[in-house]
Asker: 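Once you've had a glance at the structure underneath, I'll fire off some questions.
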Amino acid sequence: YPHSLRNIDELCASIVRSHRETSQYRLEELQALKWKLFSREEIQAYQSKTVDEMWQHCAVRLTDAVQYVVEFAKHIPGFRMLSQNDQIALLKTGSMEVVLVRMCRFFNTENNTVFFDGKFAGTEVFKSLACGDLIAAVFDFAHGMCALKLTEQQLALFSALVLINADRPSLEDRVRVQRVHRSVEVGLTHILHRDNHDSLLHKLYQRMAVLRSLCSLHMEKLRWFSQRYPLTAHSLFPPLYKELFA
Ligand SMILES: COc1ccc2c(n1)CCN(C(C)=O)[C@H]2C(=O)Nc1ccc(OCc2ccccc2OC)cc1
């Protein structure tokens with residue numbers, strides 16, 4: 001499958017453009033907000049929410065983020081070529097992984113806070129979710145991603161690589177997904193080489209392994225939550241969140 005430099009450049013350009021157009025918030029906007037923290041009263045308010053209220057609150061916002069990842073995927077040339085079923089299968093397992101990868105843009109490592117509801121929140125804000133281990137793992141992962149100091153272009157290619165994964169369950173045409181994965185990998189390698197940062201590829205593959213365990217922790221918590229609060233999970237959760245994760 002010969003990769004002429006031209007179509008690798010075109011592939012990278014279209015993935016970077018799609019990332020930029022679907023990143024939901026510009027880096028400058030987030031920079032301006034990163035020291036806007038919640039007051040004691042506001043933190044109390046979040047902490048006095050019931051478990052299902054806080055889960056619903058978070059699910060609505062994360063579903064927003066998932067919608068943007070779906071848009072991102074749709075503009076990846078190789079993704080659109082796949083069958084509808086394979087596109088859904090990739091999004092079902094990959095969209096939360098890409099949200100968690102993208103979360104590093106929304107993270108302030110200096111005070112260990114993440115963008116939430118217009119300000120930056122520490123882990124204590126999410127106490128009423130009753131899943132401190134998931135939140136700790138989400139924050140740790142964001143820290144790890146920030147430490148790599150990826151450029152937006154590198155983040156775009158890495159997000160596409162995470163999404164287009166031929167090992168996902170119930171794929172119809174695994175060989176075709178593998179071929180698209182390979183071309184995105186060539187694109188990422190090309191970008192890293194151009195940025196004189198070849199050593200990053202190995203670190204990014206390590207991040208992918210951590211990401212997989214983080215996402216299965218999220219699914220485990222979602223199952224626990226859905227069993228404990230079936231009404232909220234089955235009626236109030238935004239349909240996309242249910243469709244993709246339930
Ligand atoms: C792509 O990256 C981002 C990053 C941040 C945000 C967004 N997109 C969309 C816009 N947004 C808004 C409007 O708040 C931000 C957000 O949702 N923040 C936020 C939500 C929930 C959090 O922890 C709970 C939790 C985490 C993981 C899994 C399940 C969870 O709970 C059930 C932490 C932060």
Side-chain angles (χ1 to χ4, degrees), residues 3-35 62 64-80 90-91 94-116 120 138-165 180-212 214-215:
H3 296 287
S4 76
L5 200 58
R6 200 174 57 78
N7 60 28
I8 284 299
D9 272 337
E10 270 168 19
L11 176 80
C12 292
S14 62
I15 290 173
V16 169
R17 188 182 322 110
S18 176
H19 171 79
R20 191 176 49 244
E21 285 164 5
T22 62
S23 53
Q24 193 174 5
Y25 297 79
R26 288 196 334 279
L27 280 180
E28 304 74 49
E29 288 172 286
L30 293 165
Q31 281 298 337
L33 290 168
K34 72 191 280 191
W35 296 102
L62 289 168
D64 230 15
V66 166
Q67 299 273 15
Y68 281 89
V69 172
V70 173
E71 275 314 301
F72 167 64
K74 279 161 57 177
H75 295 87
I76 298 174
F79 185 84
R80 265 200 329 261
L90 291 180
L91 281 169
S95 57
M96 192 51 165
E97 288 188 0
V98 176
V99 166
L100 291 165
V101 165
R102 287 179 156 202
M103 207 169 254
C104 65
R105 297 172 80 249
F106 294 72
F107 202 76
N108 182 349
T109 52
E110 290 161 74
N111 58 9
N112 202 40
T113 58
V114 67
F115 181 69
F116 178 65
F120 274 69
V138 169
F139 273 62
D140 282 352
F141 183 76
H143 252 289
M145 285 304 300
C146 290
L148 299 179
K149 297 196 182 318
L150 296 184
T151 64
E152 285 294 279
Q153 298 202 357
Q154 292 163 352
L155 190 58
L157 268 291
F158 182 59
S159 301
L161 196 65
V162 162
L163 190 69
I164 302 172
N165 175 344
V180 180
H181 178 86
R182 186 86 195 95
S183 65
V184 173
E185 196 179 42
V186 171
L188 178 58
T189 311
H190 172 68
I191 290 249
L192 293 178
H193 192 68
R194 188 200 62 189
D195 298 346
N196 202 7
H197 213 154
D198 297 314
S199 61
L200 214 42
L201 190 68
H202 169 64
K203 290 185 187 125
L204 287 172
Y205 269 96
Q206 285 178 322
R207 288 278 99 208
M208 281 167 85
V210 175
L211 184 56
R212 213 151 295 164
L214 173 54
C215 268

Asker: Ignoring hydrogens, what is the shortest heavy-atom contact between Ala156 and Ile15? Give both atom names and the distance.
Answerer: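 Answer, listing the atom of Ala156 first, then Ile15: O-CG2, 3.5 Å.
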Asker: Applying ring pair (Phe, Tyr, Trp, His ring centres under 6.0 Å), name anything that partners Phe141, two or more places apart in sequence or on another chain.
Answerer: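 Applying ring pair (Phe, Tyr, Trp, His ring centres under 6.0 Å) to Phe141 gives none.
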Asker: Grab the two heavy atoms, one from Ser95 and one from Leu163, that are nearest each other, plus how far apart they are.
Answerer: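 In this case the closest contact between Ser95 and Leu163 is N-CD1, 4.1 Å.
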Asker: Restricting to non-hydrogen atoms, name the atom on Ile76 and the atom on Ala160 that form the minimum distance, rounded to 0.1 Å.
Answerer: CD1-CB, 3.8 Å
Asker: Distance under 6.0 Å and angle within 45° of the ring axis: does Arg102 meet both against Phe72?
Answerer: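 Judged by the rule (NZ or CZ under 6.0 Å from the ring centre, within 45° of its axis), Arg102 counts as positioned above Phe72.
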Asker: Give a yes-or-no answer on whether the side chains of Glu21 and Tyr68 include a donor-acceptor pair shorter than 3.5 Å.
Answerer: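 No pair is found: no donor N or O on one side chain lies under 3.5 Å from an acceptor on the other.
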Asker: Looking at every heavy atom in both Ser183 and Val180, which two are closest together, and how far apart are they?
Answerer: OG-O, 2.8 Å
Asker: Start with the C-alpha distance between Gln67 and Glu71, add both sets of side-chain angles, then the distance that settles side-chain contact (heavy atoms from CB on, under 4.5 Å), and finish with yes or no.
Answerer: CA-CA 6 Å; Gln67 299 273 15; Glu71 275 314 301; over 6 Å; no
Asker: So, for Leu161 and His181, which heavy atoms are closest and what is the spacing to 0.1 Å?
Answerer: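 Result for this residue pair: CD1-CE1, 3.4 Å.
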Asker: Mind running ring-ring contact (aromatic ring centres under 6.0 Å, His included) on Phe107 and Phe139 for me, showing each step along the way?
Answerer: CA-CA 8 Å; Phe107 202 76; Phe139 273 62; 5.3 Å; yes
Asker: Phe106 vs Phe115 aromatic rings, parallel, tilted or perpendicular, using cut-offs 30° and 60°?
Answerer: tilted
Asker: Could you tell me if Glu152 and His19 have a donor-acceptor pair between their side chains, going purely by distance under 3.5 Å?
Answerer: yes
Asker: Checking Gln153 against Arg20: is there a side-chain donor and acceptor pair closer than 3.5 Å?
Answerer: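 Result is no, nothing qualifies.
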Asker: Is the side chain of Ser18 donor-acceptor paired with the backbone N or O of Ser14 at a distance under 3.5 Å, no angle test?
Answerer: no
Asker: Could you point out which residue of Arg207, Lys149, Gln154 forms a side chain to side chain contact (heavy atoms under 4.5 Å, CB included) with Leu200?
Answerer: Gln154
Asker: Which atoms form the tightest heavy-atom contact between Thr113 and Asn111, and what is the distance?
Answerer: OG1-OD1, 2.6 Å
